[in-house]
Amino acid sequence: MASQMNHKLLIPLASNVHAQRVLFALAQPLAYLGTAHARSLSTTRCRLNEQHKPEVTQASTSGSGQQHQQQHQQETASSSDQAQNFYSTFKAGYEHVKSKSAGSAGGGSGQEPAAKRLLQTLAKDLREVLLPAQDITSATRAYTGPLASTTYDGPTALVLARQQATGWQKTWDTVQEKLSGIPLVSKLLNLKVTDTAAFKKGQEIVEDIKDKYETSDHPVVHKVEDIKARMFTGSEASRAMREIRVRDPSFDMNRFVQSVKLDAPVVVRAFLKHDLGALSQHCGPELLERFAGIFKHFDEQGVFEDPSILFIGDVEIVEVRLMDDDPFIIAQFHCQQLKCTRDKFGNVIDGGANQIQRVYYFWGLQQERSPVVTAEGKVVAPRWVIKDMMWQSMLALV
């Protein structure tokens, strides 16, 4: 049963027959190991039950105990054989994959075998899932350290360098000099097609047809334009991802989601504390103006909110698009926080000290155009500025 489940899980990952055979060879030992482990647990359970029996019962069933002991020895030997078979089969499968990969790489084809690429992909996915994330930095915080000098102290003079002519260019120049003495050839060489009356007339006809096509309201024309736009320009999300890659070639969506989750408690806590200084490190000027108006209203009323955050949910990407030719990503997450508003004397005027609510936040993040170069020469990827933020309380947990 375990072997069938492993086969069902691994078959869709294989791209050809060779990769499927390799995965079958690696899955069968795991099934054998699971069977041996289950039998070992069953044997251990039987031994524990025997140890807890009263001595009188053991004396009266000595013949049965000998049978159990013989059965235990047989199962132990069987488990040892299965473990040895597991090791031998796994080693043989690994050596088979290794030899095939080495043989394909040495063949000079320039392409990695499918089995090797599959194993590398599986190893990368397992490493990203099981190992803890490292070097996850803020995606929205502005860099405030020293920057690299923008002045250039090197030479500024321009030098003209004569380009050496190739052998083909020298031969063509010689032939052209000899043919230039013939009047008919000289006229043909100096003739410009764009100056002829036929070319000008054809250009006018093409311009008229183009204008009629662009200004036509025929449904067929609109259908053709839609198909052409989908085929050659791609969707808005694909164009946005292409622009993101141009500005930041090392961009990874998984790391971006982790960076946003790292920034979420910092920004939300600063928002609840009405800290414009901390928010200015993450948000754009338009959003800061909105926050300033909201905070001014709270200050005039003499009330403040409890900034306690109990839990931050996972970040989800809602949409990827272009806005004003800049990549724009809408991210969503939720927080569990206290719904408690107090006046300047500390009295609760809304909610309660123990009332927990779930608040959903939506961030609109826009990527900057250029990276930042530090004084040490390190290139910091363009940051994602929080251009807009929406929040809504959906569910009171307590």
Side-chain angles (χ1 to χ4, degrees), residues 15-16 100-114 116-117 120 147-215 221 224-252 322 324-327 367-382:
S15 57
N16 53 25
K100 288 293 184 180
S101 301
S104 301
S109 60
Q111 296 181 354
E112 294 182 345
K116 184 177 180 181
R117 293 197 305 269
Q120 290 177 350
L147 301 176
S149 177
T150 56
T151 58
Y152 177 69
D153 299 332
T156 57
L158 299 179
V159 179
L160 294 177
R162 184 180 182 85
Q163 185 178 5
Q164 298 294 333
T166 62
W168 170 255
Q169 291 176 344
K170 292 180 181 179
T171 304
W172 173 250
D173 293 339
T174 302
V175 174
Q176 191 175 6
E177 290 178 0
K178 292 181 179 180
L179 294 178
S180 61
I182 303 176
L184 180 60
V185 175
S186 177
K187 185 177 180 180
L188 292 175
L189 291 175
N190 296 327
L191 179 64
K192 294 183 179 181
V193 180
T194 57
D195 296 337
T196 60
F199 179 82
K200 294 180 179 179
K201 184 65 176 178
Q203 191 174 13
E204 292 177 359
I205 295 174
V206 171
E207 291 294 335
D208 293 340
I209 296 175
K210 185 177 179 180
D211 292 339
K212 292 180 180 179
Y213 178 81
E214 292 178 352
T215 57
V221 175
V224 170
E225 289 296 323
D226 293 339
I227 296 175
K228 185 173 67 174
R230 288 196 299 268
M231 291 180 60
F232 296 101
T233 61
S235 62
E236 188 175 8
S238 64
R239 288 186 281 116
M241 288 300 301
R242 190 181 304 114
E243 182 64 23
I244 292 173
R245 298 287 185 182
V246 170
R247 300 184 182 187
D248 183 11
S250 62
F251 177 82
D252 182 76
L322 287 175
D324 297 333
D325 297 331
D326 290 327
Q367 188 183 31
E368 292 184 341
R369 293 182 178 273
S370 58
V372 176
V373 182
T374 64
E376 294 80 10
K378 181 180 179 181
V379 179
V380 180

Notebook entry, point to check: How far does CD of Glu214 sit from CD1 of Ile209, to the nearest 0.5 angstrom?
Noted result: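 If I round to the nearest 0.5 Å, the distance is 12.5 Å.
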To the nearest 0.5 Å, how far apart are CD in Gln164 and NZ in Lys170?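 Those atoms lie 7.0 Å apart.
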Smallest heavy-atom separation, Pro371 atom then Val380 atom, equals CB-O, 3.1 Å
Tightest non-hydrogen contact, residues Pro382 and Asp248, listed as CD-CB, 4.2 Å
Hits for side-chain contact (heavy atoms from CB on, under 4.5 Å) against Phe199, two or more places apart or cross-chain, chain-then-number order -> Val193, Thr194, Thr196, Gln203
query: So does Glu243 pair up with Arg247, basic N to acidic O under 4.0 Å?
result: yes
* **Side-chain H-bond candidate by donor/acceptor type, Asp252 with Ser250, under 3.5 Å** => no
Handout entry: Asp325 atom CG: more than 12 heavy-atom contacts under 6.0 Å
Key =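 Atom CG in Asp325 is not crowded, with 12 or fewer foreign heavy atoms closer than 6.0 Å.
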